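Worth saying up front: this structure is predicted, and the values here are computed from it rather than measured. Counting convention: from 1, in listed order, for ligands and their atoms alike.
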Amino acid sequence: MFDSLKQAYLPEMELPVRTVDAEKCSKCGRCYETCPTWGYRWEKGAVPQPVGYGGFEQACLNCGNCIAVCPTNAITMTGAFSIQKGRYKGLLEKRMAPPDPLGLGGSKSYKEIEGELTEVERGIYTRRSNRLFKEKPVPKELVHRILEAGRFAPSAGNCQPYRFVVITNQNTIKEFERRAMVLLRLMKNFYLSKNGKRSIVKNIFFSVASYMMINKMDPRPFTAMEKADQMDNTLYFNAPVVILILKDKRGVSNPDLDAGICAQNMVLTAHAMGLGTCYVSLPMDPLSRPLMAGFRKRLGIAKPFEAVTSIAIGYPKGKIDGIVKRDTPKVDWIR
Ligand SMILES: Cc1cc2nc3c(=O)[nH]c(=O)nc-3n(C[C@H](O)[C@H](O)[C@H](O)COP(=O)(O)O)c2cc1C
Ligand code: SF4
Ligand code: SF4
């Protein structure tokens, strides 16, 4: 327990090792732009460098998106994000593997087996979070189809404990980002260490905070906050459409779960239409605070509704989707 407490702020982490092959790299900067954690430094015309900051040796959460978007296959990655000491959740099994739905243990590549898969499976395996959007608007009819896919999601007691707010007004999205960043910036500046050292004040503060709300104190989102801040408050990546998923707190059983299932119906439907999506939850906590009460009112959000997450939607800029490796969680079969 004492060890967990000691590790609550900047726990000991094992991080993936990324390598950029300078010979292969076309210096396009797509890896830099797409990385959720600002894990590369890049200057126009130069090869990106994998980096860390703020107490992180490397800023990488293992999503594989930089590899998926790279047009020249210049990036390789070994290892896995894991927490060595402390109580946050790292990858548990650390057996990183591409999709293996046929259970072939890697004897065939995904390309060789994809013909045997259903369209739904292919969508699930190739979808990646999209953070590079074209300026092109999304037709209203397609947004309607996405919302309808959410409406027909399963929910406990068929209660459908959700509502949606669709924002296409770019000024409103920008204002939302600006307002949310005020709180996020405060949090991440406090969390991220300037010299990579653990200060006593932060150690005590984060030890207590991590025991009170472990989900909110996990180190990973703080690097995403840094990216949003460095990239001019861009929490929504200039996406033309943002759908806020609101839960009705009166819902049967677990409305957060229902809202998540509903959101994933929308994400997979948008993906099947050739649209790119990214869940964006970072601004949800600021949105729930008194600081944003006026903005909430303008969006028509009032009790018993509360924003659970949001989805940025738009046309992808270049190739985003692709196969990545994932940890292989333990499965127990009780026969
Ligand atoms: C509930 C939820 C919230 C998320 N919030 C954010 C976010 O605020 N910003 C962001 O860039 N990505 C966010 N993501 C995207 C994850 O980082 C991404 O799903 C993960 O790294 C795996 O990558 P993939 O979606 O390409 O498979 C979120 C994902 C989920 C499911
Ligand atoms: S794997 Fe994901 S988090 Fe890591 S560097 Fe690539 S894009 Fe960034
Ligand atoms: S995406 Fe690939 S080619 Fe483009 S800068 Fe990054 S490593 Fe180089």
Side-chain angles (χ1 to χ4, degrees), residues 15-52 56 58-81 91 96 99 123-132 177 180-181 184 215 218 220-228 231 234-237 239 242 245 256-257 259-264 266-268 271 276-287 307-312 316 318-327:
L15 294 154
V17 179
R18 297 159 289 151
T19 315
V20 179
D21 184 334
E23 301 278 308
K24 284 188 184 171
C25 174
S26 67
K27 303 169 185 158
C28 65
R30 285 173 65 77
C31 51
Y32 165 81
E33 287 176 359
T34 205
C35 174
T37 59
W38 212 50
Y40 292 93
R41 288 293 170 280
W42 177 68
E43 305 274 326
K44 246 191 170 135
V47 175
Q49 302 301 316
V51 292
F56 292 81
Q58 289 288 314
C60 176
L61 47 79
N62 247 130
C63 68
N65 289 27
C66 53
I67 298 173
V69 302
C70 177
T72 62
N73 296 322
I75 304 173
T76 45
M77 192 162 78
T78 53
F81 180 101
L91 298 184
M96 301 295 289
I124 287 170
Y125 295 127
T126 55
R127 176 215 57 83
R128 298 277 66 81
S129 287
N130 191 323
R131 300 180 181 89
L132 302 174
E177 291 176 327
M181 271 318 291
L184 296 178
N215 315 92
D218 189 287
R220 281 165 280 195
F222 291 95
T223 56
M225 291 174 205
E226 178 71 359
K227 179 184 180 181
M231 297 231 166
T234 309
L235 289 161
Y236 284 108
F237 326 106
V242 170
I245 319 284
D256 288 279
L257 178 60
I261 293 167
C262 162
Q264 189 62 1
M266 295 194 198
V267 160
L268 289 176
H271 178 266
T277 60
C278 187
Y279 282 102
V280 180
S281 282
L282 283 179
M284 297 306 116
D285 185 64
L287 184 63
V308 174
T309 189
S310 62
I311 311 171
K319 179 189 156 300
I320 308 287
D321 289 338
I323 296 299
V324 295
K325 292 182 180 172
R326 280 279 184 274
D327 192 24

Among all protein non-hydrogen atoms, which one is nearest to [atom], and what is the separation to 0.1 Å?
atom: atom 4 (Fe) of ligand 3; value: Cys28 SG, 2.3 Å
atom: atom 14 (N) of ligand 1; value: Tyr279 O, 3.3 Å
atom: atom 7 (S) of ligand 2; value: Cys66 N, 3.4 Å
atom: atom 8 (Fe) of ligand 3; value: Cys25 SG, 2.3 Å
atom: atom 5 (S) of ligand 3; value: Gly29 N, 3.2 Å
atom: atom 26 (O) of ligand 1; value: Ser129 N, 2.7 Å
atom: atom 1 (S) of ligand 2; value: Gly64 N, 3.1 Å
atom: atom 6 (Fe) of ligand 3; value: Cys31 SG, 2.4 Å

Please classify the [X] to ligand 1 contact at 4.0 Å (heavy-atom distances, strictly less than): side chain, backbone, both or neither.
X: Asn65; answer: side chain
X: Phe237; answer: side chain
X: Pro283; answer: neither
X: Leu61; answer: side chain

Atom pair [atom1]/[atom2] of [X] and [Y] - distance to nearest 0.5 Å:
X: Thr223; Y: Trp38; atom1: OG1; atom2: CH2; result: 11.5 Å
X: Thr309; Y: Asp256; atom1: OG1; atom2: CG; result: 10.5 Å
X: Met225; Y: Arg220; atom1: CE; atom2: CZ; result: 13.0 Å
X: Cys25; Y: Trp42; atom1: SG; atom2: CH2; result: 9.5 Å
X: Phe222; Y: Leu184; atom1: CZ; atom2: CG; result: 9.5 Å

Item to complete: Would you please say whether a donor-acceptor pair under 3.5 Å links the side chains of Glu43 and Tyr32?
Response: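 The criterion, which ignores hydrogens and geometry beyond distance, is not satisfied for Tyr32 and Glu43.
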Worksheet item: Between atom 4 (Fe) of ligand 2 and Cys63, is there an N, O or S atom separated by less than 2.8 Å?
Response: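 So Cys63 does not count as coordinating atom 4 (Fe) of ligand 2.
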Discussion item. Please compare Arg220, Arg326, Arg127, Arg128 and report which has the shortest non-hydrogen distance to atom 23 (O) of ligand 1.
Written reply: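 Comparing heavy atoms across Arg220, Arg326, Arg127, Arg128, the nearest one to atom 23 (O) of ligand 1 lies in Arg326.
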Worksheet item: If hydrogens are left out, which of Ser26, Gly318, Pro48 has an atom nearest to atom 3 (S) of ligand 3, that is, the closest non-hydrogen atom?
Response: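 Ranked by closest heavy atom to atom 3 (S) of ligand 3, first place is Ser26.
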Proximal ligand 1 atoms for [X], defined as those under 4.0 Å from one of its heavy atoms:
X: Val280; answer: 5 (N), 6 (C), 7 (C), 8 (O)
X: Cys63; answer: 21 (O), 23 (O)
X: Leu282; answer: 8 (O)

Discussion item. What I'd like to find out is whether the side chain of Arg18 reaches to under 4.5 Å of the side chain of Thr76, using heavy atoms alone.
Written reply: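 Not in contact.
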Item to complete: Would you mind reporting whether Met77 and Asn62 have side-chain heavy atoms less than 4.5 Å apart?
Response: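 Yes. Closest side-chain heavy atoms under 4.5 Å.
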Any side-chain to backbone donor/acceptor pair from [X] onto [Y]? Under 3.5 Å, distance only.
X: Glu177; Y: Leu235; result: yes
X: Lys227; Y: Glu33; result: yes
X: Asn65; Y: Ser129; result: yes

Worksheet item: Taking the non-hydrogen atoms of Met77, is any one of them nearer than 4.0 angstrom to ligand 2?
Response: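 The answer is yes, since Met77 has a heavy atom less than 4.0 Å from ligand 2.
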For [X], counting its heavy atoms only, list the atoms of ligand 2 lying under 4.0 Å from any of them.
X: Cys35; result: 3 (S), 5 (S), 7 (S), 8 (Fe)
X: Arg18; result: 5 (S)
X: Thr37; result: 3 (S), 8 (Fe)

Worksheet item: Hey, is there an N, O or S on Cys60 sitting under 2.8 Å from atom 6 (Fe) of ligand 2?
Response: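 Checking atom 6 (Fe) of ligand 2 against Cys60, no N, O or S atom falls under 2.8 Å.
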Worksheet item: Do any N/O/S atoms of Cys70 come under 2.8 Å of atom 4 (Fe) of ligand 3?
Response: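 No N, O or S atom of Cys70 is closer than 2.8 Å to atom 4 (Fe) of ligand 3, so no.
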Item to complete: Report yes or no: does Cys278 have a heavy atom closer than 4.0 Å to ligand 1?
Response: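 True for this residue.
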Worksheet item: Going by the atom numbers of ligand 3, which of them fall below 4.0 Å from some non-hydrogen atom of Ile75?
Response: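 With Ile75 as reference, the close atoms of ligand 3 come out as 7 (S).
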